[in-house]
Amino acid sequence: MTLSGTETQAKPRPLTLLLDLSGDKNAATEWATARFASGTITHINKADLKWASKRKALAHVRSLTPDVFSVFTSDLSAQSGVGLLMLFGMLAGARQVTIGDVNGRVISRSLPGVMLFEAPRFVLELLAGYVLLVPLSWLLTEALGVALLFRRVVRASRINERKNARGPINALYIRATNAGASQGGMRTHVAGFASGAAALGHRLTFVVSGAQPEDNASISIPASRTFDANKAFFELWNNLNFTVKSLRLFAGDASNGVDFLYQRYSRFNWTGVALSIVTGLPLVLEFNGSEVWVSKQWDPIGQLWLLRRFERLNQRAADFVFVVSDVERRNLINRHVGSEKIIVNPNGVDIDRFKPGLGGRKVRRALGIKDKIVVGFVGTFGPWHGAPVLAEAACNVRPASRFHFLFIGDGDGRAEAENIVEAAGANATFTGRVSLEEVAACLDACDILASPHVGSSDGSEFFGSPTKLFEYMSMAKPIVASRLGQIADVIVDDENGLLVQPGDAGALARAIEKLAEDEALRARLGSAARQTVIERYTWRHNASRVFNSAARFGEVES
């Protein structure tokens, strides 16, 4: 029945804004769709908010007039700034703020709940952070620097005890990076190094930050959200938490079976330094780049003055510093780190996990691209990966109907690449995040693989050692890569791949066309690429450089 002279109108659906902090857009969408089924879900791009001023970011979100502000993260227990996100959503005009993770944990607050619970806690955490946490962290950093002078006393007795030891080398691997930040190449690198060590007959014990052990050889220390007003406070507090618990576990007799400490350097952490001072054990530091530089260029964080002190302490305390490239070695020398203790150790690949014939035909059938020339890319869509450049190349290849571009992975830069492809109507599939086994199958489905890395915005040299490059090569596929840093050392133009100028989408498109037209060239370059990694760039090669150096400490003999 209708009322006379009027017509019923459908009530507008509530608008839910979705901010994905997990790096997995597909999982975030599924979570939001299930939880807010009655509403309209609109994604907001993390990259658009990261570098904008807080005022501009807030104004942008307010202009969308959300009913619900939702955030999806990989691990709520390791997510910093929960209170700040709640306040942001409230100030943006949302009536409800909900934060959830992949494990099904959820925190949801109405407007009164944010005002009564989150706002007071946030203010108290800020005050305590500036008054207590930051000064304490600075004081302890300086104290550890002084304590390094006495480490040689503890070390002398340990060397006398172990100087005639033989057999496998035992290392304690310290990975303090919070679980929420451990995606992408980090997990691949850690697992690869572990497999390489095992192949050499050595043993690793892991102490890691996380809610649960990752395997039977791991000891897990859960993150604490006592201070999570911002990323800097969260990480400073968890450095203290992680270090204290690690000292309780390994400062006494438990360290007797350990020959050296291996720490993957992470922001605002000196656990390895503290353990080395207390136990006398040698410290090997895996240093993949300056976190001060990363904060300025890619991932902003506060308290840079303190972060510099953390970084310098780790570099001073390390007996050996392993870097992934010659460029990073020069960077450290320029920062007055002794050249005699810096060792270049490029990343590697598991040649049995990444090899031809791992399900590519099935992937092509599933995507309906059996008759296409498939060009593949895998990555976390970071600012250095150059995914938008490949997207532009996808719009410029000719004939366009012959090609299909497969973008594997997820991350901040995915939206930009998708927008470029969609605007031009290019043939492309964005898979989102997939498992390691699925990555290998997707790469196997490709005819050509692209590594379109770009230079740094500040003009500094490219210091990376892209794991994806070695995975590409292991698949025996022809590669088009940027003539940049270590990439141009590993790929020899027209011998085991093709090189183009970084950021040149036109040159990238022409190189792809060249490979598409010459099947024999593709086969020759792909075969040479796999032979290169077999001879030089496996994880066993990577691990051997570390353990061979460990034997030089005078404590162990391999």
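- A donor-acceptor contact closer than 3.5 angstrom is absent between the side chains of Ser22 and Asp24.
- The residue from Ile99, Val71, Asn103 that alone fulfils the side-chain contact (heavy atoms from CB on, under 4.5 Å) condition with Leu76 is Ile99.
- Residue Val337 is tested with Arg316, Arg329, Gln315 for a side-chain contact (heavy atoms from CB on, under 4.5 Å); the sole match is Gln315.
- When atom types are taken as modelled, the side chain of Thr429 and the backbone of Thr431 share no donor-acceptor pair closer than 3.5 angstrom.
- Between the side chains of Trp270 and Thr243, no donor N or O sits under 3.5 Å from an acceptor N or O.
- A salt bridge does not link Glu422 to Arg414: none of the charged side-chain nitrogens sits closer than 4.0 Å to a carboxylate oxygen.
- Across all their heavy atoms, His404 and Ala428 have their closest contact at NE2-C, 3.6 Å.
- Using a 4.5 Å heavy-atom threshold, the side chains of Phe268 and Gln303 count as touching.
- Not one N or O on the side chain of Asn396 forms a donor-acceptor pair closer than 3.5 Å with the backbone of Gly506.
- Listed for the Asn542 side chain is a donor-acceptor partner under 3.5 Å among the backbone atoms of Pro346.
- You'll find the side chain of Leu406 stays beyond 4.5 Å of the side chain of Phe377, heavy atoms only.
- Within 6.0 Å of atom CH2 in Trp539, more than 12 heavy atoms from other residues, nucleotides or ligands are found, so the atom counts as buried in its surroundings.
- Across Ile408 and Phe381, no two heavy atoms sit closer than the pair O-CE1, 4.0 Å.
- Atom OG of residue Ser74 and atom CG of residue Asp20 lie 9.0 Å apart, to the nearest 0.5 angstrom.
- Side-chain atoms of Tyr262 and Glu286 form a donor-acceptor pair, as typed in the model, at a separation below 3.5 Å.
- Inter-residue side-chain proximity for Ile448 and Ile373 is flagged as met; some heavy-atom pair is nearer than 4.5 Å.
- For Gln486 against Phe470, the heavy-atom pair with the smallest separation is OE1-CZ, 3.8 Å.
- Between Leu64 and Ile44 the shortest side-chain heavy-atom distance falls below 4.5 Å.
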Requested in this report: Take Thr271 and Gln263 through the side-chain hydrogen bond (donor to acceptor under 3.5 Å, both in side chains) test and state the conclusion after the steps.
Outcome: CA-CA 8 Å; Thr271 301; Gln263 172 148 9; 5.0 Å; no
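- If you check the side chains of Asn314 and Glu311, you find no donor sitting under 3.5 Å from an acceptor.
- Annotation for Asp493 and Leu499: closest pair OD1-N, 3.0 Å, computed over non-hydrogen atoms.
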Requested in this report: Dump the intermediate steps for salt bridge (Lys or Arg N to Asp or Glu O under 4.0 Å) on Glu291 and Arg308, then the final yes or no.
Outcome: CA-CA 8 Å; Glu291 288 292 343; Arg308 288 189 185 93; over 6 Å; no
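- Using a 4.5 Å heavy-atom threshold, the side chains of Tyr173 and Val190 count as touching.
- The 12-atom threshold is not exceeded at NZ of Lys514, counting heavy atoms of other residues, nucleotides or ligands nearer than 6.0 Å.
- Side-chain contact between Val546 and Asn345: present, with at least one pair of heavy atoms (C-beta onward) separated by less than 4.5 Å.
- Here the straight-line distance linking atom CG of Leu332 with atom NZ of Lys341 works out to 9.5 Å at 0.5 Å rounding.
- Formation of a donor-acceptor pair under 3.5 Å by the Arg364 side chain with backbone atoms of Ala445 is found in this model.
- Using modelled atom types, no side-chain atom of Lys477 and backbone atom of Tyr472 make a donor-acceptor pair closer than 3.5 Å.
- Nearest approach of Ser137 to Leu306, heavy atoms of both residues: CB-CD2, 4.0 Å.
- Here Arg524 pairs with Asp494 in a salt bridge; the nearest charged N to carboxylate O distance falls below 4.0 Å.
- When each of Glu535, Arg536, His541 is checked for a side-chain contact (heavy atoms from CB on, under 4.5 Å) with Thr538, only His541 meets the rule.
- For the pair Lys231 and Glu235, the salt-bridge criterion is not met [side-chain N within less than 4.0 Å of a carboxylate O].
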**Report entry** side-chain hydrogen bond (donor to acceptor under 3.5 Å, both in side chains) evaluation trace for Asp299 with Ser295
**Finding:** CA-CA 5 Å; Asp299 188 17; Ser295 179; over 6 Å; no
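- The ring-ring contact (aromatic ring centres under 6.0 Å, His included) test applied to Phe242 returns no partner, not counting sequence neighbours.
- Between Asn238 and Ala223, the shortest heavy-atom contact is OD1-CA, 3.3 Å.
- Phe547 and Phe193 have parallel rings, their planes meeting at less than 30° on a 0 to 90° scale where 60° marks the start of perpendicular.
- Residue Ile351 holds its CD1 atom at 5.0 Å from CD1 of Ile534, rounded to the nearest 0.5 Å.
- Using a 30° and 60° split on the angle between ring planes, Phe69 and Phe88 fall in the tilted class, from 30° to 60°.
- By the 4.5 Å heavy-atom criterion applied to side chains, Ser474 and Val533 are counted as neighbours.
- A salt bridge does not link Glu30 with Lys25: every distance from a Lys NZ or Arg NE/NH1/NH2 to an Asp or Glu carboxylate oxygen is 4.0 Å or more.
- Arg402 places a side-chain N or O within donor-acceptor distance of the main-chain N or O of Ala516, the cut-off being under 3.5 Å.
- In this structure Ser325 satisfies the side chain to side chain donor-acceptor pair (under 3.5 Å) test with no other residue, sequence neighbours excluded.
- For the ring pair (Phe, Tyr, Trp, His ring centres under 6.0 Å) test with Phe463, the passing option among Trp384, Phe287, Trp293 is Trp293; the others fail.
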Requested in this report: List the steps and the verdict of side-chain hydrogen bond (donor to acceptor under 3.5 Å, both in side chains) for Asn496 and Thr532.
Outcome: CA-CA 8 Å; Asn496 58 2; Thr532 299; 3.3 Å; yes
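- Using a 4.5 Å heavy-atom threshold, the side chains of Leu390 and Leu508 count as touching.
- Arg353 and Glu471 are not joined by a salt bridge, as no carboxylate oxygen comes within less than 4.0 angstrom of a charged side-chain nitrogen.
- Note on ring orientation: taking the six-membered ring where Trp is involved, the planes of His453 and His385 are perpendicular (angle over 60°, cut-offs 30° and 60°).
- Judged by distance alone, the side chain of Asp444 and the main-chain N or O of Ala440 form no donor-acceptor pair under 3.5 Å.
- When the shell of 6.0 Å around NZ of Lys355 is examined, it contains 12 or fewer heavy atoms from other residues, nucleotides or ligands.
- Interatomic distance, CG of Asp410 versus CZ of Arg433, reported as 6.5 Å (0.5 Å rounding).
- Residue Trp298 holds its CH2 atom at 6.0 Å from OG of Ser456, rounded to the nearest 0.5 Å.
- Remark: side-chain polar atoms of Gln501 are not paired, donor with acceptor, to backbone N or O of Arg483 under 3.5 angstrom.
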Query raised in the report: Given Asn347 and His189, is the side-chain hydrogen bond (donor to acceptor under 3.5 Å, both in side chains) satisfied, shown in steps?
Result: CA-CA 7 Å; Asn347 287 327; His189 186 284; 3.2 Å; yes
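- At least one donor-acceptor pair closer than 3.5 Å links the side chain of Asp447 to the backbone N or O of Val374.
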